[in-house]
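Read the structure below first, then the notes.
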Amino acid sequence: MAPQIDAVILAGGMARRMDGNDKGLVDLNGQAMICHTIDKLSSQVDNIMINANRNQAQYEQWGYTVFSDQDSGYLGPLAGMVTALKQTQADYLLVVPCDCPLLPDDLASRLLTALTQQNADIAVASDGEREQPVVLLLKPYLAESMQAFLDAGERKIDFWYRQHQVAIESFADQPNAFINVNTPEQKQQLAQQIAKSY
């Protein structure tokens, strides 16, 4: 039987570089940015959850479970991840940010293969040059370790995952897959790129 994979889309940040606008709800070519992410994930996973610390009613319109960080104070992506890990009943949790609209269509399957083949606890995506620390597949039992890391005042995801057995999966064959949108200028550039691809 195929393992169950849930996904959480991280939309809980303050988006300071996006003029404070909620990145997941920013319009990109006629759709909220998170719609592009949902479209990429919906055929790859069993369930989708959305981690949002504001505008939750707007996020709920897509019909998925929406939750805020268990630890308040905008502690960064790990706070959303650990809350999701404590909620999921799946075998694995796929984590992605809300501002990566070009995610690979084979993201979950390739991360799962890497994790399984290397007998790892976590599989992290790489664009071939750099690891993408907020694009990862992990086992839910890691919630305890992640919570302890946060409670110790730590925030950096890659510092946390290096404490565990990690598989790195390169998506160098899809170099644009992890382009993320942090500023209005980047959004404009990506909108033009997406328009050209249709």
Side-chain angles (χ1 to χ4, degrees), residues 5-85 87-88 90 92-111 125 127 132-138 157 171 174-198:
I5 301 177
D6 284 355
V8 61
I9 302 173
L10 300 176
M14 298 180 78
R16 290 187 185 91
R17 286 181 287 174
M18 192 60 86
D19 302 329
N21 292 314
D22 196 329
K23 277 201 283 191
L25 301 174
V26 166
D27 182 272
L28 179 67
N29 290 23
Q31 281 189 310
M33 186 122 54
I34 198 167
C35 278
H36 296 273
T37 310
I38 289 170
D39 288 346
K40 286 288 186 179
L41 292 184
S42 55
S43 63
Q44 299 191 53
V45 298
D46 295 283
N47 298 298
I48 292 175
M49 301 179 281
I50 299 171
N51 166 230
N53 290 314
R54 50 187 176 150
N55 302 316
Q56 289 180 322
Q58 284 177 266
Y59 282 113
E60 283 168 356
Q61 68 182 309
W62 285 286
Y64 298 106
T65 299
V66 178
F67 62 86
S68 58
D69 295 349
Q70 178 184 300
D71 298 309
S72 59
Y74 289 96
L75 302 183
L78 281 172
M81 285 185 205
V82 77
T83 309
L85 285 171
Q87 297 216 2
T88 183
Y92 299 97
L93 179 71
L94 178 67
V95 179
V96 300
C98 67
D99 60 354
C100 265
L102 304 179
L103 288 168
D105 294 323
D106 54 358
L107 179 65
S109 61
R110 282 173 63 175
L111 288 177
D127 63 7
Q132 305 293 313
V134 286
V135 182
L136 66 170
L137 184 74
L138 62 170
I157 301 167
F171 288 84
Q174 302 176 58
N176 295 326
F178 305 111
I179 288 175
N180 70 333
V181 179
N182 286 312
T183 65
E185 294 74 29
Q186 287 173 343
K187 187 192 89 156
Q188 197 59 42
Q189 288 164 1
L190 189 58
Q192 290 167 354
Q193 190 174 325
I194 290 173
K196 279 181 198 159
S197 68
Y198 284 118

Handout entry: Check: Q44 side chain, L107 main-chain N or O, donor-acceptor pair, under 3.5 Å
Key = yes
Fill in the blank from the handout: Between W62 and C35, the two heavy atoms sitting closest are NE1-SG, 3.1 Å
Fill in the blank from the handout: L137 and A108 have their tightest heavy-atom pair at CD2-O, 4.5 Å
Practice task
Could you grab the distance from atom CG of L102 to atom CG of D105, nearest 0.5 Å is fine?
Solution key: 10.0 Å
Completion exercise
Separation between CD (Q132) and CD1 (I157), nearest 0.5 Å, reads 11.0 Å
Problem - Under 3.5 Å: donor-acceptor pair, side chain of T83, backbone of Q70 - result: yes
Handout entry: Test item: V135 and P97 side chains (from C-beta on) under 4.5 Å apart, heavy atoms
Key = yes
Exercise for the section: Rounded to the nearest 0.5 Å, what's the gap from CG on N55 to CD on E60? Could you check? Expected result: 11.0 Å
Exercise for the section: Calculate, to the nearest 0.5 Å, the distance between atoms CG and OG1 belonging to N47 and T88 respectively. Expected result: 7.5 Å
Fill in the blank from the handout: L93 and A7 have their tightest heavy-atom pair at CD1-C, 4.1 Å
Problem - Spacing of L103 atom CG and D39 atom CG [to the nearest 0.5 Å] - result: 11.0 Å
Handout entry: Test item: D99 side-chain N/O and M33 main-chain N/O as donor-acceptor pair under 3.5 Å
Key = no
Handout entry: Q31 (side chain) donor-acceptor with D27 (main chain) under 3.5 angstrom
Key = no
Problem - Residue list, side-chain hydrogen bond (donor to acceptor under 3.5 Å, both in side chains) with Q174, at least two apart or on another chain - result: D106
Practice task
Examine distances only and state if a side-chain atom of Q56 and a backbone atom of A52 form a donor-acceptor pair shorter than 3.5 Å.
Solution key: yes
Problem - Nearest atoms (heavy-atom pairs only) where P77 meets L10 - result: CB-CD1, 3.9 Å
Practice task
Would you indicate whether the side-chain heavy atoms of I34 and I38 approach each other to under 4.5 Å?
Solution key: yes
Practice task
May I ask you to test the L138-Y92 pair for a side-chain heavy-atom distance under 4.5 Å?
Solution key: no
Practice task
Please tell me if the side chains of Y64 and I9 come closer than 4.5 Å, counting only heavy atoms from C-beta onward.
Solution key: no
Fill in the blank from the handout: Residues D46 and D6: closest non-hydrogen pair is CB-OD1, 4.2 Å
Problem - pair V8-F67: side-chain heavy atoms closer than 4.5 Å - result: yes
Practice task
Report the distance from atom CG of D127 to atom CD1 of I179, rounding to the nearest 0.5 Å.
Solution key: 9.5 Å
Practice task
Taking H36 for its side chain and C100 for its backbone only, find out whether a donor-acceptor pair lies under 3.5 Å.
Solution key: no
Problem - Minimum side-chain heavy-atom gap K40-V96 below 4.5 Å - result: no
Practice task
Taking all heavy atoms of G80 and all of N51, pick out the closest pair and write down the distance.
Solution key: CA-OD1, 3.2 Å
